[in-house]
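These notes concern the structure reproduced below.
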Amino acid sequence: VGFPKVLSPFKTEIKSEPEDLSMSKKKKPNSPPPWPGVEAIIESYKKFSADYEQEKSILIERQSRFQQEIVTRRGQVDNLSTRLSSLARLHKTLVGNHAHTQQNLEGLRSQLLAISKLAPATTK
């Protein structure tokens, strides 16, 4: 009991040299014509990719610049905060000195007034 021999509809051809795929093949008569929109899509995508990379580069540069500006401004804030604290302490000291000086002046006035009241009485 044997199987009948089936002939393949495909030709089996053994080539002595490997096929060169780098060279463009000639169009086969049965192949469909190339679609003209494919090239436009590929070019559009290449342009989009280049524009995307350029914008990404610009944004990364801006981000870096803004981060440096933030560091600089934080330093300025720290400096101004230190100066404000120093000025607040100085103001408190000056207000205290003013009050003390005002008390001394009031004491001197009252003593001068007392002396002036005594002086005319002794000169008469």
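The structure displayed is predicted, hence computed values, not measured ones. Sequential numbering from 1 along the given sequence is applied to the chain's residues.
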Among the clusters formed by ILVMFWY side chains lying less than 4.5 Å apart, do Val38 and Ile41 turn up in the same one?
yes

Is atom CZ of Arg83 surrounded by more than 12 heavy atoms (other residues, nucleotides or ligands) closer than 6.0 Å?
no

Enter the distance from Glu55:CD to Glu53:CD here, rounded to the nearest 0.5 Å.
10.5 Å

Taking atom CG of Leu108 and atom CG of Leu113, what is their separation to the nearest 0.5 Å?
12.5 Å

Got a second to check how far Thr82's OG1 is from Leu87's CG, nearest 0.5 Å?
11.0 Å

Taking Arg74 first and then Asp78, would you say they form a salt bridge - that is, a charged N and a carboxylate O separated by under 4.0 Å?
no

Backbone N/O of Arg89 and side chain of Thr93: donor-acceptor pair under 3.5 Å
yes

Less than 4.5 Å apart, any side-chain heavy atom of Gln67 and any of Gln63?
yes

Here the gap from Leu94 atom CG to Leu90 atom CG, rounded to the nearest 0.5 Å, amounts to 4.5 Å

I need the Phe48 CZ to Glu43 CD distance, nearest 0.5 Å.
15.0 Å

For Ser85 and Ser81, indicate whether the former's side chain and the latter's backbone hold a donor-acceptor pair under 3.5 Å.
yes

Can you find a heavy atom in the side chain of Arg65 that is under 4.5 Å from one in the side chain of Gln68?
no

Between Ser44 (side chain) and Ala40 (backbone), is there a donor-acceptor pair under 3.5 Å?
no

Point-to-point distance, once rounded to the nearest 0.5 Å, from CD of Glu69 to OG1 of Thr72
7.5 Å

Any non-hydrogen side-chain atom of Gln103 less than 4.5 Å from a side-chain atom of Glu106?
no

